[in-house]
Amino acid sequence: MIHHDTFAGVYPAMTTPFTDGTDAVDHEQLAVDARRLEAAGVDGLVPAGSTGEAATLTHDEHAEVVETVVDAVDVPVIAGTGSNSTREALDLTERAAAAGADAALLISPYYNKPEPAGQYEHYATIADAVDIPQIVYNVPSRTGSNLDVDTVVDLAGHENVHGYKAASGDANRISEIVERTRGETFDVLSGDDGMTLPLVAMGATGTISVVANVEPERTCRLVHAALEEDFETARAIHHELGPLMRALFRETNPIPAKEAMAIRGYGPAEMRSPLTRGSDETLRVLTELLAALEDDAATTGA
């Protein structure tokens, strides 16, 4: 079992709580969430990413969210700092580093869909300028473009580019990236909860996870069992969490995640426009699934 352990384990992609009745960031609840996840055994936290509704945070709010999480916990904090503007992404990354973030997660430029040369330049410009570890994030369903394997491999050679968040759903492409970066200090992380187990089996080192906001202990047991090559345990937990993993993407993330957290009593499920509250059917499905997981935990003592 060979992995570099720069980024190994479970890193919840945190939601950003907003105050009930307004859409102001609720920093008190954010700190509570961060400490809850740390106590559950996660390996680090990822505030201000797409799950954190970063697209609707101002730059000041973005830096303040990162600072709140950094101040609340002792585990590493990987700040989401992406933008489709290289200049904006650079500013967000510099501000996150100044706020104490240990690393940065940068999404590929969305909407303007640069060519591979532009994608490389975007990431390399920020990696040249900010001296913290950075993770390249490929999520074609949100960006409208797919990062070439060659581009990722080229970026892996940069001293500040230490990881790749894989959310393309293309296992062959992800496997090739793992194969071709084994000589670098570079880790591949799952960005899709349903793919975490197969990707770890192929050599990924962990996950930046949505389901871990709701079920952090189980997610940690799944990933750490897989990293120890105890695939029987990992597979059992993967199937146990499977219905919840799927339900969390019934509607646009983080709508179901916030609703599930509210059902569990982790603050109100406030969204910032244009996102809306979950449907009645989503709430029904989540309530049933969460109750079943709690019953199962009570029965097994897990």
Side-chain angles (χ1 to χ4, degrees), residues 5-17 25 27 29-57 61-83 89 92-93 95-97 99-108 123 126 130 132-139 142-143 160-167 187-193 195-196 199 204-216 219-220 222-223 245 248-249 253-254 257-258 261 266:
D5 285 356
T6 306
F7 300 109
V10 174
Y11 299 83
M14 295 185 70
T15 60
T16 301
V25 175
H27 286 275
Q29 182 63 48
L30 179 62
V32 168
D33 284 343
R35 289 192 289 266
R36 170 178 64 85
L37 293 167
E38 180 181 44
V42 302
D43 298 277
L45 294 169
V46 184
S50 33
T51 305
E53 295 173 75
T56 53
L57 297 177
E61 286 176 326
H62 195 286
E64 289 159 5
V65 162
V66 173
E67 196 168 348
T68 292
V69 175
V70 167
D71 289 348
V73 296
D74 294 323
V75 292
V77 174
I78 305 169
T81 61
S83 169
L92 290 170
T93 307
R95 292 181 70 169
D102 298 282
L105 172 68
L106 291 127
I107 196 167
S108 292
Y123 284 111
I126 298 158
V130 188
I132 60 173
Q134 291 162 40
I135 299 171
V136 171
Y137 178 16
N138 187 36
V139 56
R142 283 189 182 265
T143 63
N160 283 335
V161 179
H162 287 208
Y164 175 76
K165 180 181 175 184
D187 290 316
V188 173
L189 294 158
S190 172
D192 175 352
D193 286 312
M195 290 284 284
T196 297
L199 294 188
T205 59
T207 177
I208 294 175
S209 168
V210 175
V211 75
N213 284 295
V214 187
E215 283 284 341
T219 308
C220 289
L222 189 165
V223 171
M245 290 173 177
L248 290 177
F249 288 86
N253 178 48
K258 280 191 156 182
M261 289 167 67
Y266 307 146

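No hydrogens, no waters, no symmetry mates; every other heavy atom, side chains included, goes into these values.
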Heavy-atom closest contact (N213 atom, P12 atom, distance):
OD1-CB, 4.1 Å
Just verifying a value: how many Å separate L199 CG and T205 OG1, rounded to the nearest 0.5 Å?
10.5 Å
Minimal non-hydrogen separation, R35 against A72, with atom names:
CG-O, 3.4 Å
Nearest 0.5 Å, what's the NZ-CD1 distance between K165 and I208?
5.0 Å
Does the side chain of S209 come under 3.5 Å of the side chain of D193 through a donor N or O and an acceptor N or O?
yes
Close side-chain approach of F249 and V210, heavy atoms under 4.5 Å
yes
Would you call S108 and V139 a side-chain contact if the rule is heavy atoms closer than 4.5 Å?
no
Given the rule in the side chain to side chain contact (heavy atoms under 4.5 Å, CB included) test, do V161 and Y123 qualify, once you have shown the distances and angles that lead to the verdict?
CA-CA 9 Å; V161 179; Y123 284 111; 5.6 Å; no
Under a 3.5 Å distance rule, please check whether T16 uses its side chain to pair with a backbone N or O of G52 as donor and acceptor.
yes
Is D43 close to Y11 at the side-chain level, that is, under 4.5 Å between some pair of heavy atoms?
yes
Looking at D192, is its backbone amide N or carbonyl O close enough to the side chain of S190 to form a donor-acceptor pair, meaning the two atoms are under 3.5 Å apart?
yes
Is any side-chain heavy atom of E64 closer than 4.5 Å to a side-chain heavy atom of V25?
no
Using the rule given for side chain to side chain contact (heavy atoms under 4.5 Å, CB included), can you reason through R36 versus M261, listing the C-alpha separation, both sets of side-chain angles and the distance that settles it, and then say yes or no?
CA-CA 12 Å; R36 170 178 64 85; M261 289 167 67; 3.7 Å; yes
I78 to P47 - nearest heavy-atom pair and separation
O-CD, 3.3 Å
Main-chain N/O of H162 paired to D187 side chain as donor or acceptor, under 3.5 Å
no
If every non-hydrogen atom of T15 is compared with every non-hydrogen atom of A257, which pair is closest and at what distance?
CG2-CB, 4.4 Å
Would the distance check show the side chain of R95 and the main-chain N or O of T81 forming a donor-acceptor pair, the cut-off being under 3.5 Å?
no
Rounding to 0.5 Å, atoms OG1 (T93) and CG (L105) come to a distance of 9.5 Å
Nearest heavy-atom pair of S83 and I107: which atoms, and what distance?
N-CG2, 4.2 Å
Minimum heavy-atom separation for D102 and P133, please, with both atom names.
O-CD, 3.3 Å
Would you say the side chain of R142 lies within less than 4.5 Å of the side chain of N253, judging by non-hydrogen atoms?
yes
Kindly say whether V75 contributes a backbone atom to a donor-acceptor pair with the side chain of E38 at under 3.5 angstrom?
yes
